[in-house]
> 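Sharing a structure below in structure tokens format, with a few things to ask.
Only heavy atoms go into these numbers, but all of them, side chains included; no hydrogens, no water, no symmetry mates. Predicted model, so just to flag it, every value in this text is computed and none were measured. Heads up: numbering here begins at 1 and tracks the sequence.
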Amino acid sequence: WSTFHNQAGIAGINHGSASFYYESRFMVDELSLAAGSVILPTKSGNFGIAFSQFGKGSFKENKYGLSYALILSKKLNAGIQFDYFSQRFPENDRLKGCATFEAGVIYKPTQKLFFGAHIFNPVLNGIETLEGKQKMPAVFRIGGHCQFNEMAMLIFETEKDTENPLVVKTGVEFSPLRDLFLRFGVSGKPFTYTAGIGYRIGKITTDIGFGYHGNLGITPAVSIQFEL
């Protein structure tokens, strides 16, 4: 899912893949999110295609992305993605949209330690509406992960956008059995707790996760990935 988080992550993939994701945010049907991603490796770098739709009925927000990532050295990957956003509003069912971009890098000082940085919409572009321009915030993220052994990994990230305070996110992943993954995380403030399980069968990986917000409730999610 690097096409949605840090496009530099697709640079080291040497096989094609197709992924699909669905979540029911706070178990409200109108706040559902569906997404898909395709990775296409080539000799001159890797390409990615991403699509997502948030909302149902009279309000929908769509995102389309085309990304490219390249291995710059043994320790450094970089990627960029051009995005197009469109929205449909209840008062105007004609789609309105705008274009922007996002980019990221991944630095690997060792085989078990990764650091990444990502920026989204640094040009502060937005969608024109009947009431004026609806700006999208710029989002900056820095994080990484540390692989302690074959069974345990620690993940950490900080996120800051131009409209909200800094958010810190942490998580752990355990693999008690081959191809079985257990995940737990927390982020805030406001605090959100997450848990999930993943299992890989041959070239197919499935994941089920849950997020809990103290005020808004539970968000279940499911994804499936096919190695092509």
> With hydrophobic residues grouped by side-chain heavy-atom distances under 4.5 Å, do F20 and I204 end up in a single group?
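F20 clusters together with I204.
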> Please determine whether side chain to side chain contact (heavy atoms under 4.5 Å, CB included) holds for the pair E159 and F140, giving the CA-CA distance in whole Å, both sets of side-chain angles, and the decisive distance to 0.1 Å.
CA-CA 6 Å; E159 178 181 309; F140 309 90; over 6 Å; no
> Using the ring of each side chain (for Trp, its six-membered ring), is F47 parallel, tilted or perpendicular to Y68, with breaks at 30° and 60°?
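Rings of F47 and Y68: tilted, as their planes differ by 30° to 60°.
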> So, taking the atom named CZ in R200 and the one named CD in Q225, what distance separates them when rounded to the nearest 0.5 Å?
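Spacing of CZ (R200) from CD (Q225) equals 9.5 Å.
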> Kindly indicate whether the side chain of V123, heavy atoms from C-beta on, has any atom under 4.5 Å from the side chain of T100.
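Counting from C-beta outward, V123 and T100 do come under 4.5 Å.
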> Nearest 0.5 Å, please: how far is NE2 in H15 from CD in E227?
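Going from the CD atom of E227 to the NE2 atom of H15 covers 4.0 Å.
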> For R141 and F4, work out which heavy atoms get closest and say how close.
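Result for this residue pair: NH2-O, 4.4 Å.
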> Considering only heavy atoms from C-beta outward, does the side chain of E102 approach that of H118 to under 4.5 Å?
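The answer is yes; the side chains approach within 4.5 Å.
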> Specify the closest pair of heavy atoms between P122 and I119, including all atoms of both residues, with the distance to one decimal.
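Minimum heavy-atom contact is CB-CD1, 3.5 Å.
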> Run Y22 and S32 through side chain to side chain contact (heavy atoms under 4.5 Å, CB included) and show every step you take.
CA-CA 7 Å; Y22 180 83; S32 62; 3.3 Å; yes
> Please report the interatomic distance CZ(F156) to CZ(F115), rounded to the nearest 0.5 Å.
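Reported to 0.5 Å precision, the distance equals 5.0 Å.
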> What is the minimum heavy-atom distance between E163 and K135, and which atoms define it?
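Shortest heavy-atom separation between E163 and K135 comes out as OE2-O, 4.3 Å.
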> Any link between I106 and L154 through a network of hydrophobic side chains (Ile, Leu, Val, Met, Phe, Trp, Tyr) touching at under 4.5 Å?
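No, because I106 and L154 fall into different hydrophobic clusters, even though each may have its own neighbours under 4.5 Å.
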> If you apply the rule side chain to side chain contact (heavy atoms under 4.5 Å, CB included), what do you find for F226 with I224, and how did you get there?
CA-CA 7 Å; F226 302 91; I224 184 168; 3.5 Å; yes
> Give the minimum heavy-atom separation between F181 and E173, together with the two atoms involved.
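Shortest heavy-atom separation between F181 and E173 comes out as CD2-OE2, 3.8 Å.
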> May I ask you to check whether Y64 and F51 place their ring centres under 6.0 Å from each other?
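Yes.
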> With a 4.5 Å limit on heavy-atom distance, are the side chains of T194 and Y212 in contact?
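The answer is no, as the side chains (C-beta and beyond) never meet within the 4.5 Å cut-off.
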> Using a 3.5 Å distance criterion without hydrogens, assess whether the side chain of N125 forms a donor-acceptor pair with backbone atoms of C98.
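No; judged by distance alone, with no hydrogens or angles, the pair does not exist.
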> Under a 3.5 Å distance rule, please check whether E23 uses its side chain to pair with a backbone N or O of R25 as donor and acceptor.
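No: the side chain of E23 does not pair with the backbone of R25.
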> State the CZ-CD distance between F174 and E150, to the nearest 0.5 angstrom.
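Taking CZ in F174 and CD in E150, the distance rounds to 15.5 Å.
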> Under a 3.5 Å distance rule, please check whether N121 uses its side chain to pair with a backbone N or O of M136 as donor and acceptor.
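Pair found, side chain donor or acceptor close to backbone of M136.
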> Hey, what do you get for CG (N6) to CH2 (W1), rounding to the nearest 0.5 Å?
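So the gap between those two atoms works out to 16.0 Å.
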> Report the residues that fulfil salt bridge (Lys or Arg N to Asp or Glu O under 4.0 Å) with K203, sequence neighbours left out, ordered by chain and then residue number.
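Scan of K203 (salt bridge (Lys or Arg N to Asp or Glu O under 4.0 Å), adjacent residues dropped) gives none.
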> Are any non-hydrogen side-chain atoms of T158 and L166 less than 4.5 angstrom apart?
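When only atoms from C-beta onward are counted, L166 and T158 do touch, with a gap below 4.5 Å.
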> Which heavy atom of I10 sits nearest to which heavy atom of N46, and what is that distance?
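Minimum heavy-atom contact is O-ND2, 2.6 Å.
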> If you define the side chain from C-beta out and look only at heavy atoms, does anything of F210 sit under 4.5 Å from I208?
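Result yes, sub-4.5 Å side-chain heavy-atom pair found.
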> I need the minimum non-hydrogen distance between C146 and L113, along with the two atoms involved.
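Smallest heavy-atom distance, with atoms named: CB-CD1, 4.0 Å.
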> Roughly how far, to the nearest 0.5 Å, is CD of Q7 from CZ of F82?
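Rounded to the nearest 0.5 Å, the CZ-CD separation comes to 10.5 Å.
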> Mind running side chain to side chain contact (heavy atoms under 4.5 Å, CB included) on S52 and L33 for me, showing each step along the way?
CA-CA 7 Å; S52 67; L33 172 68; 4.2 Å; yes
> Would a 4.5 Å heavy-atom cut-off, applied to side chains only, mark S86 and E61 as touching?
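No, too far: nothing below the 4.5 Å cut-off.
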> Is there side-chain contact between N77 and K108, with heavy atoms separated by less than 4.5 Å?
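When only atoms from C-beta onward are counted, K108 and N77 do touch, with a gap below 4.5 Å.
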> Say whether F120 and I142 are linked into one hydrophobic cluster, either directly or through other cluster members, by side-chain heavy-atom distances under 4.5 angstrom.
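Result: no, two separate clusters.
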> Membership question, hydrophobic clusters at under 4.5 Å side-chain separation (ILVMFWY): are I13 and L228 in the same one?
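Different clusters: L228 never reaches I13 through Ile, Leu, Val, Met, Phe, Trp or Tyr contacts under 4.5 Å.
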> Taking the side chain as C-beta and beyond, is there a heavy-atom pair between K63 and Y84 under 4.5 Å?
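A side-chain contact is absent here, since even the closest heavy-atom pair is not under 4.5 Å.
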> Could you please spell out the steps behind the salt bridge (Lys or Arg N to Asp or Glu O under 4.0 Å) verdict for E30 and K56?
CA-CA 5 Å; E30 289 77 10; K56 285 186 177 181; over 6 Å; no
> Quick one about S37 and T3 (side-chain donor to acceptor, distance below 3.5 Å, no hydrogens or angles considered), yes or no?
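S37 and T3 do have a side-chain donor-acceptor pair below 3.5 Å.
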> Distance only, no hydrogens: is a donor on one side chain within 3.5 Å (strictly under) of an acceptor on the other, for Q81 and D83?
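Their side chains do contain a donor-acceptor pair, which is all the 3.5 Å distance test asks for.
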> Check for me, please, whether I197 and I218 land in the same ILVMFWY cluster - side-chain distances under 4.5 Å, paths through other members count.
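They do share one cluster, since a chain of ILVMFWY contacts under 4.5 Å joins I197 to I218.
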> If we ignore hydrogens and angles and just use 3.5 Å, is the side chain of S175 paired with the main-chain N or O of L180 as donor and acceptor?
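Yes, S175 side chain to L180 backbone: donor-acceptor pair under 3.5 Å.
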